Amino acid sequence: MSVPGTPSPAVALAGGAWGDAAIKFANSFGAIAGFLGILLVVFFAAGRARGRLARPLAVAVFLGPAVLLLLVGLVVPLLRTGYLSLLNDDGTRFVGGENYGWAFTTESVQEVLVNTLLWLVIAPLVATGLGLVLALLVDRMRGQAVYKSLIFMPMAISLVGASIIFKFVYESRGPGQSQIGLLSQLAVALGWDDPPNWMLSQPLNTFLLMAVMVWVQTGFAMVVLSAAIKAIPDEITEAARLDGAGGVRLFWYVTVPMIRTTVVVVLTTVMITTLKAFDIVRTMTGGNFGTQVLANEMYSQSFVQFNTGHGSALAVILFLAVLPLVAYNIVQLRKERGVR
């Protein structure tokens, strides 16, 4: 029973929530205003500089924030992770390469590495192949912008959102119950009275998870490859047709060689995204039932089991696996720009 003249608990709770929100808003506004104020002072000082200090100061003003963010956000965490990977899980004793030996010799982690390798090979190839086929087909249709928008639309969905969508697609219920999952309902319609629980069926569940990545990345591959195909000079295509090339031969001996660099760039880009796949596995299975991948295992070791040394070693392995793909991508892009 509330005392007369005092606000009810609901009103007090609402008032407290509004007060907290106002404080957070004021703090955020103050931080943004302070940041902008510092930028204005720095740019004003750079604009007023004259003589020998003008150029070094301008370079420092424009490159300084980027270099600082790079150091704080990438270099320092990378060095710290590499250091932690050489310590035990409590971070109290130097163990050298024991954590890396554990990663490559433990049976459960070997299964994780095999799953990651399967993701790295299958998902990018399927997504790039489908993107190339769709680019060829859609470019010959009327209203291609509409179809491209629909195919590209999954790229606007986060991997977590896409995983939730496909979690309902793969939903499976016991015999005698109405199926709400699209895949299970299709199986019933085809005469399969008791479809399995798709997420528990190994190794099928791993490939079903890959389908989510393929669904998201195919639109990206289609748009990029479609632009590359349209950039092929008409003279080359017409000359090939006059020489008797057409259909599959025109595609294989003319189109593919002309867009080879773009295909490689798209493939490696999708491979980088796939190698870092975390959201899909975490959302749909949590890495259980034989679906664990390297990025999710790194998270589990570091923040669930609190094995800092093991998690850091897996993070370094993941970084070293991504690094050659990024370097190769940069080389290919520079070659393409040099040709242009």
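Because the structure is a prediction, the values reported are computed rather than measured.
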Side chain to side chain, Trp119 and Val281, heavy atoms closer than 4.5 Å: yes
hydrophobic_cluster_shared for Leu79 and Phe94, side chain cutoff 4.5 Å: no
Check: Tyr147 and Leu134 side chains under 4.5 Å, non-hydrogen atoms: no
Test item: Thr273 and Gln217 side chains (from C-beta on) under 4.5 Å apart, heavy atoms: yes
Nearest heavy-atom neighbours spanning Leu318 and Leu275: CD1-O, 3.4 Å
Check against side-chain contact (heavy atoms from CB on, under 4.5 Å), Ile229 and Leu132: CA-CA 9 Å; Ile229 292 171; Leu132 181 57; 4.1 Å; yes
Residues Lys167 and Thr283: side-chain donor-acceptor under 3.5 angstrom: no
Spatial distance of atom CD1 (Ile280) from atom CG (Leu209) [nearest 0.5 Å]: 7.5 Å
Interatomic spacing from NE2 in His310 to CD in Glu297 - rounded to 0.5 Å: 10.5 Å
Donor-acceptor pair, side chain of Ser172 and main chain of Pro196, under 3.5 angstrom: yes
ILVMFWY network linking Val270 to Val214, side-chain heavy atoms under 4.5 angstrom: yes
Among Asn307, Thr308, Asn296, the one residue meeting side chain to side chain donor-acceptor pair (under 3.5 Å) with Gln301: Asn307
Arg260-Thr255 side chain donor-acceptor pair, cut-off 3.5 Å: no
Contact list for residues 105-115, test side chain to side chain donor-acceptor pair (under 3.5 Å), sequence neighbours left out: Trp102-Thr106
Closest non-hydrogen atom pair, Ala162 against Val212: CB-CG1, 3.9 Å
Sidechain-backbone polar pair: Ser312 side chain, Leu84 backbone, donor-acceptor under 3.5 Å: no
Residues Tyr100, Phe104; criterion ring pair (Phe, Tyr, Trp, His ring centres under 6.0 Å); working and verdict: CA-CA 6 Å; Tyr100 295 96; Phe104 289 107; 7.7 Å; no
Derivation and outcome, side-chain contact (heavy atoms from CB on, under 4.5 Å), residues Arg282 and Val160: CA-CA 9 Å; Arg282 194 72 190 174; Val160 173; over 6 Å; no
Whether over 12 other heavy atoms sit under 6.0 Å from Asn27 CG: yes
Full working for side-chain contact (heavy atoms from CB on, under 4.5 Å) between Ile165 and Ile157: CA-CA 10 Å; Ile165 293 173; Ile157 305 174; 4.2 Å; yes
For the student: nearest non-hydrogen atoms of Thr262 and Val224, plus distance: CG2-CG1, 3.7 Å
CZ (Phe29) with more than 12 external heavy atoms under 6.0 Å: no
Inter-residue atom distance Met222.CE - Leu137.CG, 0.5 Å rounding: 11.0 Å
Least distance between heavy atoms, Asp89 atom then Gly309 atom: OD1-N, 3.3 Å
Candidate pair Phe152 and Phe220, rule ring pair (Phe, Tyr, Trp, His ring centres under 6.0 Å), full reasoning: CA-CA 6 Å; Phe152 186 77; Phe220 161 75; 7.8 Å; no
Trace of the side-chain contact (heavy atoms from CB on, under 4.5 Å) decision for Val95 with Leu87: CA-CA 5 Å; Val95 295; Leu87 304 179; 5.5 Å; no
Joint cluster assignment, Ile330 & Leu320, ILVMFWY side-chain distance < 4.5 Å: yes
Pairs touching residues 196-211 that satisfy side chain to side chain donor-acceptor pair (under 3.5 Å), sequence neighbours left out: Ser184-Trp198
Approximate separation, where rounding is to 0.5 Å, of Thr291 OG1 and Met199 CE: 8.0 Å
Nearest heavy atoms of Leu294 and Thr116, plus distance in Å: N-OG1, 2.9 Å
Between CG on residue Leu208 and CE on residue Met284, distance to nearest 0.5 Å: 7.5 Å
Rounded distance [0.5 Å steps], CG in Leu125 versus CE in Met210: 11.0 Å
Hydrophobic cluster membership, Phe166 vs Leu150, 4.5 Å side-chain cutoff: no
Met298-Ile272 co-clustered via ILVMFWY side chain contacts under 4.5 Å: yes
Non-hydrogen atoms of Ala277 and Ala295 that approach each other most closely: O-CB, 3.4 Å
Donor-acceptor pair, side chain of Ser85 and main chain of Gly82, under 3.5 angstrom: yes
